[in-house]
There are 2 protein chains.
Amino acid sequence: MSDENWSPPPVLLAVDLVIFTLRHSQLQVLLVERGIDPYRGRAALPGGFLNNDSEDLLAAAHRELDEEADLDAARLHLEQLGTYGAADRDPRGRVVSVAYLAIAPHLPEPTAGTDAAGAAWRPVDAITSGELPLAFDHDVIIADGIERARSKLEHTPLATAFCEPTFTISDLQQVYEAVWGVDLDPRNFYRKVQKVPDFIRPVDAERRVTKGRPARLFTAGPATSLHPPIPRPGGTAEPEGQR
Amino acid sequence: MSDENWSPPPVLLAVDLVIFTLRHSQLQVLLVERGIDPYRGRAALPGGFLNNDSEDLLAAAHRELDEEADLDAARLHLEQLGTYGAADRDPRGRVVSVAYLAIAPHLPEPTAGTDAAGAAWRPVDAITSGELPLAFDHDVIIADGIERARSKLEHTPLATAFCEPTFTISDLQQVYEAVWGVDLDPRNFYRKVQKVPDFIRPVDAERRVTKGRPARLFTAGPATSLHPPIPRPGGTAEPEGQR
DNA sequence: GCAAAAGTGTTAAAAGTACACCCATGC
DNA sequence: GCATGGGTGTACTTTTAACACTTTTGC
């Protein structure tokens, strides 16, 4: 904080959401279609301006989450991703956007019903490959979100946020495989995740699908970090590029 | 970004700096004494409001860096740490602050000469222990900065940012030991850091101090991430608490 | 029985850990 | 020589990775 009593030019503060989920064993992100200029008709991250003088940033993120998709806030991971403030990122003027990263378990369907024109889940591959152009610098924000998620799978129990309250170990494996884009050995994975203290806890139930032996069910344990970590094979952790 | 053309209430955007360096084998942070209310006379992070309509966030951080301490921007690590926007964090009104983390090699002395009333390096222990009360939520920001630095030592070449352009392996070890607050075996550390591809590169020179065998000098290599990582012993990576 | 998914055992290679030891310097 | 910090060797333990194998289900 500086010590002048000169009054600086105010800027507009927006909150944008990168909401990830797993659908069809793919990492997908929730996008809305913009109804107004600039970038009318383009896909964009859900988000909006900070609502009033006393609204916390995290509260604003939660509010947007309710408006755009209606996800029950209880079982949902939400963390700050970064702040994007390049002077020319919004043609209307000076808008600084605080991006939040949300992770949700597999959800029925986009539920376009509420605020945004049309909301839809999109595979992140379509965005990183550039086939689906986005508004503003939202492609960069999503790329940072992917890298954050990939990295946190290694050291935190973030993968459980992609899962239902109870899940099998192969559910968990699918999360790692989809987000990292790799194949893992199910047998070694099975033991590795169970060896991490407080990562997952067995519950007294099984899940039976059509074929094969029923699988034990687990819940997320109390751990906030993973020791030892689940290392990403050949993993590269590039730094994020916030502006 | 939301689609209304209603105009939201503007907020003030500040940029604060967490500048770390190593002095006397201690992790220290640069603090200034506030000259005005609120928190007049308290220690605070250097920082200030965003200067004008076209100033980039990172540019603002660089500007503050020049004003408060004058560090040559060339050899200096600077990254975004997080954004702090609790509604009541500044009694004057709504101020959202984007914090940046800077890492500098050991510097001569605080150089209070420029903008801030008095700038001084302080051991971070004095802050985390609560002996040195800070303005605003700056204690939380510093705590997040410490955790960020500790974590990045494992996976990135951040430690070299604490060192001069050329350094010995035991210089590097002192960084790890001071930031992590642990003791490492010099012999195993010596080999471990050299085994990480592109982490450090030998230069054709030695350093001789008063006693002992001269040490080889190294420079930072081209790596942006460390594979394999330098694991933190018994390391716990708690999540950050940005608001 | 057969296919499929879950879960267990085993083994060889790799990595980490502890520590004895040698090297090059200043005094 | 001796103390000091730099650097190497090595034996031991632990972790990983690859994959054969057994178990439990649906059909």
Side-chain angles (χ1 to χ4, degrees), chain A residues 24-25 153-155 159 163-164 166-178 180 182-197 199-219 226-235, chain B residues 22 24-25 153-155 159 163-164 166-178 180 182-197 199-219 225-235:
Chain A
H24 320 303
S25 300
L153 286 192
E154 297 191 72
H155 320 288
C163 298
E164 300 297 327
T166 68
F167 50 86
T168 68
I169 289 189
S170 69
D171 290 342
L172 204 59
Q173 185 179 343
Q174 280 186 47
V175 174
Y176 279 90
E177 292 185 331
W180 283 347
V182 298
D183 286 319
L184 302 171
D185 183 307
R187 292 139 336 173
N188 292 334
F189 184 84
Y190 184 87
R191 278 171 294 205
K192 188 175 285 191
V193 294
Q194 288 194 87
K195 208 174 349 182
V196 181
F199 182 12
I200 57 174
R201 288 213 179 297
V203 301
D204 195 30
E206 294 186 334
R207 174 189 300 167
R208 358 174 61 83
V209 208
T210 43
K211 283 283 179 82
R213 179 175 174 173
R216 289 183 201 154
L217 287 173
F218 294 82
T219 333
L226 268 27
H227 295 285
I230 311 288
R232 170 160 39 156
Chain B
L22 220 64
H24 319 303
S25 301
L153 286 192
E154 297 190 70
H155 320 287
C163 298
E164 300 296 328
T166 67
F167 49 86
T168 68
I169 290 189
S170 68
D171 289 342
L172 204 59
Q173 184 179 344
Q174 280 186 46
V175 174
Y176 278 91
E177 291 185 330
W180 283 346
V182 297
D183 286 319
L184 302 171
D185 184 308
R187 297 152 312 186
N188 292 334
F189 183 84
Y190 185 86
R191 279 172 293 205
K192 189 176 286 193
V193 295
Q194 289 194 89
K195 210 174 348 184
V196 181
F199 183 11
I200 56 174
R201 289 213 179 298
V203 300
D204 195 29
E206 294 186 333
R207 174 190 300 168
R208 354 171 66 84
V209 208
T210 41
K211 283 281 180 85
R213 179 177 174 171
R216 289 183 200 155
L217 287 173
F218 294 81
T219 332
S225 64
L226 266 29
H227 295 285
I230 310 290
R232 168 159 42 155

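A, B, ... follow the sequence lines: proteins, then strands. Residue 1 opens every chain.
- Take A:Glu206 and apply the side chain to side chain contact (heavy atoms under 4.5 Å, CB included) test, not counting sequence neighbours, and it matches A:Arg208, A:Pro214.
- Partners of A:Thr168 by side chain to side chain contact (heavy atoms under 4.5 Å, CB included), not counting sequence neighbours, listed by chain and number: A:Ser170, A:Asp171, A:Arg207, A:Ala215, A:Leu217.
- Residues satisfying the side-chain hydrogen bond (donor to acceptor under 3.5 Å, both in side chains) criterion with A:Thr210, sequence neighbours excluded, are absent altogether.
- Using a 4.5 Å cut-off on side-chain heavy atoms (C-beta onward), B:Ile230 and B:Lys192 make contact.
- B:Leu217 places its CG atom 15 Å from the C1' atom of C:dA24, with the value rounded to the nearest Å.
- Between B:Glu206 atom CD and C:dC23 atom P there is a gap of 16 Å when expressed in whole angstrom units.
- Take A:Arg191 and apply the salt bridge (Lys or Arg N to Asp or Glu O under 4.0 Å) test, not counting sequence neighbours, and it matches no residue.
- Here B:Glu164 pairs with B:Arg75, B:Pro105 under the side chain to side chain contact (heavy atoms under 4.5 Å, CB included) rule; sequence neighbours left out.
- Partners of B:Arg201 under the side-chain hydrogen bond (donor to acceptor under 3.5 Å, both in side chains) rule, at least two apart in sequence or in another chain, are B:Asp198.
- Close to C:dT8, at under 4.0 Å from its OP1 or OP2, lies a side-chain N or O of A:Arg216.
- First and last contacting nucleotides of DNA chain D toward chain B (any atom under 4.0 angstrom from a heavy atom, 5' to 3' order): D:dT4 to D:dT10.
- A:Arg187 pairs by the side-chain hydrogen bond (donor to acceptor under 3.5 Å, both in side chains) definition with A:Asp185, not counting sequence neighbours.
- Applying the side chain to side chain contact (heavy atoms under 4.5 Å, CB included) test to B:Pro186 and every residue at least two apart in sequence or in another chain returns B:Gln173.
- Near DNA chain D, defined here as any heavy-atom distance below 4.0 Å, the residues from residues 182-191 of chain B are B:Arg187, B:Tyr190, B:Arg191, listed numerically.
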Close N or O pairs between protein and nucleotides 1-5 of chain C (under 3.5 Å):
{"from": "C:dA5", "atom 1": "N3", "to": "A:Arg213", "atom 2": "N", "distance (Å)": "3.3"}

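- Scanning for ring-ring contact (aromatic ring centres under 6.0 Å, His included) contacts around B:Tyr176 gives B:Trp180, B:Phe189, with sequence neighbours left out.
- Taking atom CZ on B:Arg208 and atom P on C:dC27, their separation rounds to 12 Å, with Å as the unit.
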